[in-house]
Each structure stands twice: as structure tokens, then as C-alpha cells.
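Sharing a structure below in C-alpha cells format, with a few things to ask.
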Amino acid sequence: MSEFTPHFAPLVVLLFLGTALITGASFLVLFYGAVRRSSFFAKLGAGAVFTIVIGYLILLVGVSFASTEKVLPAGGWKYFCEIDCHIAYSVIGAQTTEALGPELQQLAARGKFIIVRMKTWFDERTISAHRGSGPLTPNPRQVVLVEDTGRRFERSAEGQAAFERLGNVSTPLSAALRPGESYTTNLVFEVPKDARGLRLLITEDDPETRLVIGHENSPLHKKIYFGLDPAPSLGKAAQ
């Protein structure tokens with residue numbers, strides 16, 4: 001099972017850029033009218049800016065209202081779509097433990113640690129014919145666990161460091177890939193013991209994506225999550 005964000009990436013990105021360009025040109029017309037004290041050009045520029053911005057916002061919010069929440073099962077792929085290539089992510093495992101680190105340097109969780117193993121893949125089937133095999137650095141990502149009540153849990157820096165002291169060093173999500181390449185990343189979270197219905201959410205961390213039509217970061221748009229099956233316990237300590 002696979003889900004994509006945003007759909008029709010080349011089209012919606014070009015629409016975003018085109019809207020920004022035409023809006024900028026309309027502001028120039030408005031400025032010209034103000035400087036020359038021409039009511040015709042001032043009204044023309046102001047009317048164009050208003051019409052373009054309101055029309056784009058209506059389309060942006062309308063598509064968001066029509067979206068539905070998705071929860072990917074184990075092995076499912078979430079694709080982040082660029083203009084000429086896609087980066088995909090999948091959860092390949094999750095475990096829980098009450099403590100992390102070597103025996104003499106253990107870090108005890110205030111609740112419990114959840115260790116998620118995520119795979120990143122540059123799907124070579126999604127590149128355009130002219131792109132070539134050059135490396136691609138993924139855009140910044142934000143990764144959180146979301147409880148069924150809506151509470152969010154960020155990655156635990158202390159838990160991550162303790163897990164890595166066990167020799168579990170993994171590739172960061174910011175590492176570049178060539179078409180067809182993949183790597184795995186260990187993500188450590190600390191959550192309360194009573195946390196239920198946890199799902200993993202990985203999103204783009206670029207502010208401009210909030211203005212891209214159909215992108216899950218846009219206002220009111222539903223999200224694409226990864227379901228976490230009841231994670232097998234590693235016991236009281238992962239050593």
C-alpha cells in the first residue's frame with residue numbers, strides 16, 4: 001500500500017509558482033498606479049491581487065476539506081513527491097523498552113521508550129528521463145508519534161544517544177541518495193506508559209509546503225500516518 005503527498009506534484013508546484021509570479025506582477029501594477037497616481041492601474045493591480053489570492057486560497061482549503069486521513073500498515077510506503085522524483089518512507093519495525101544503554105550507563109524512561117526503524121528509499125521508477133543518477137538530499141523532515149487523543153511526542157535526544165551507545169548507529173534522514181538507493185534510520189521516542197493508539201507521522205519541515213495545494217502540510221489537510229502494531233517489548237532494558 002502506498003500514499004503520495006502531494007498528488008500531481010509537478011502541476012501543483014507550477015501552479016504555486018505561477019500564482020506567486022502573477023501576484024508579484026499585480027503588485028507591481030498596483031505600485032505603478034500609486035506612484036503615477038493612476039486610479040486605473042491602481043484598481044487593476046489591486047483587483048488582480050485580490051482575485052488571485054482569494055481564488056488560490058479557496059482552492060487550497062477546498063482540496064484540504066476533501067482530503068481523508070490515511071493510516072499505512074506495516075510495509076506501506078509514504079511518498080514525498082518532487083517535480084521529477086519521489087522519496088519513499090516505510091516503517092519496518094518497532095519495539096518498546098523501559099531503559100536503554102550499556103549496563104553501567106543505562107537511561108531509565110519516565111514512561112517507556114519506543115524504537116522505530118524506518119527505511120528511506122529513492123524510488124528509481126519515479127525519476128524523469130532527463131534527471132540522471134545524481135544524488136538527492138531529502139528536504140528537512142519532522143517526525144513525531146501521535147496518540148489517539150492528539151498528543152504528540154517528539155524524538156528523545158537522550159534516548160537516541162543511549163541507544164547509539166549500544167552500537168546502534170544508523171543513517172540520518174538527511175543523508176543523500178542516488179536513484180534506487182535506500183537506508184534505515186532508528187528513531188527513539190519516550191512516551192507515557194499509558195499512551196495508546198500511537199501512530200508515526202513524518203512530514204516535510206519546509207514552511208512553503210503549507211501553501212502547496214494538496215500537500216498534507218496545507219491548512220486543514222488530513223495526514224498520512226504509519227500505524228504502529230503493538231511493539232514487542234525488549235524487557236526492562238535494551239543492552
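All values reported here derive from a predicted model rather than from experimental measurement.
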Problem set entry | Donor-acceptor contact below 3.5 Å, side chain K78 vs main chain I202 |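 Side chain of K78 to backbone of I202: a pair is present.
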Exercise. Which word best sums up how the rings of H215 and F80 line up, parallel for under 30°, tilted for 30 to 60°, or perpendicular for over 60°?
Worked result: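 Plane angle between 30° and 60°, so tilted.
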Exercise. Which atoms form the tightest heavy-atom contact between V49 and T23, and what is the distance?
Worked result: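 Reported closest heavy-atom pair: CG2-O, 4.1 Å.
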For this session: Examine distances only and state if a side-chain atom of S64 and a backbone atom of L60 form a donor-acceptor pair shorter than 3.5 Å.
Result: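 Indeed, once roles are kept as given, a pair shorter than 3.5 Å links the two residues.
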Problem set entry | Listed partners of F16 passing ring pair (Phe, Tyr, Trp, His ring centres under 6.0 Å), at least two apart |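 Result, ring pair (Phe, Tyr, Trp, His ring centres under 6.0 Å) vs F16: none returned.
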Exercise. Within the distance-only criterion (no hydrogens, no angle test), does the side chain of R178 pair as donor or acceptor with the backbone N or O of S133 below 3.5 angstrom?
Worked result: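 A pair under 3.5 Å: yes.
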For this session: Determine, stepwise, if the pair Y89 / L173 fulfils side-chain contact (heavy atoms from CB on, under 4.5 Å).
Result: CA-CA 10 Å; Y89 296 86; L173 292 173; 4.0 Å; yes
For this session: Mind listing the closest non-hydrogen atom pair of G159 and L100 along with its distance?
Result: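 That would be O-CD1, 3.5 Å.
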Exercise. Is the backbone of S170 close enough, under 3.5 Å, to the side chain of T185 for a donor and an acceptor to pair up by distance?
Worked result: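 No.
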For this session: Mark yes when over 12 heavy atoms from residues, nucleotides or ligands other than Q142 sit less than 6.0 Å from its CD; otherwise mark no.
Result: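 Counting neighbours around CD of Q142, more than 12 heavy atoms of other residues, nucleotides or ligands fall under 6.0 Å, so yes.
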Exercise. So which heavy atom on H221 is nearest to which on G214, and how close?
Worked result: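 The pair with the smallest heavy-atom distance is NE2-O, 3.3 Å.
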For this session: Check step by step if side-chain contact (heavy atoms from CB on, under 4.5 Å) holds for R152 and L201.
Result: CA-CA 10 Å; R152 293 188 170 208; L201 176 64; 3.7 Å; yes
For this session: Could you tell me whether the side chain of N168 and the main chain of F163 form a donor-acceptor pair under 3.5 Å?
Result: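 Checking the backbone N and O of F163 against the side chain of N168, a donor-acceptor pair under 3.5 Å is found.
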Exercise. Given the rule in the side-chain contact (heavy atoms from CB on, under 4.5 Å) test, do Y32 and V29 qualify, once you have shown the distances and angles that lead to the verdict?
Worked result: CA-CA 5 Å; Y32 175 81; V29 173; 5.6 Å; no
For this session: Return the minimal non-hydrogen interatomic distance between G76 and F226, and the atom names on each side.
Result: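 Heavy atoms of G76 and F226 come nearest at O-CE2, 3.5 Å.
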For this session: Would you please test L15 and L11 for side-chain contact (heavy atoms from CB on, under 4.5 Å) and show each step?
Result: CA-CA 6 Å; L15 181 59; L11 178 61; 5.6 Å; no
For this session: For R151, look at atom CZ and say whether over 12 heavy atoms of other residues, nucleotides or ligands are found less than 6.0 Å away.
Result: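 More than 12 within 6.0 Å, yes.
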Exercise. Per the side chain to side chain contact (heavy atoms under 4.5 Å, CB included) rule, which among T203, T68, T5 passes with I224?
Worked result: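 That would be T5.
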For this session: Output all residues satisfying ring pair (Phe, Tyr, Trp, His ring centres under 6.0 Å) with F113, sequence neighbours left out; order by chain, then residue number.
Result: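 For F113, no residue satisfies ring pair (Phe, Tyr, Trp, His ring centres under 6.0 Å) once neighbours in sequence are set aside.
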Problem set entry | Pairwise side-chain contact, F8 with I213, heavy-atom cut-off 4.5 Å (strictly under) |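 Side-chain contact under 4.5 Å: no.
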For this session: Search all heavy atoms of Q160 against all heavy atoms of R155 and return the closest pair with its distance.
Result: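 Residues Q160 and R155, closest heavy atoms: OE1-NH2, 3.5 Å.
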Exercise. Of all heavy-atom pairs between F41 and G33, which one has the smallest distance, and what is that distance?
Worked result: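 Shortest heavy-atom separation between F41 and G33 comes out as CB-CA, 3.7 Å.
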For this session: Please check if the side chain of K222 supplies one atom and the backbone of K70 the other of a donor-acceptor pair under 3.5 Å.
Result: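 A pair under 3.5 Å: no.
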Exercise. Is a side-chain donor or acceptor of D206 paired with a backbone partner of E208 at a separation under 3.5 angstrom?
Worked result: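 It does not hold such a pair.
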Problem set entry | Whether E204 side chain and E216 backbone form a donor-acceptor pair below 3.5 Å |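 Between the backbone of E216 and the side chain of E204 there is no qualifying donor-acceptor contact (under 3.5 Å).
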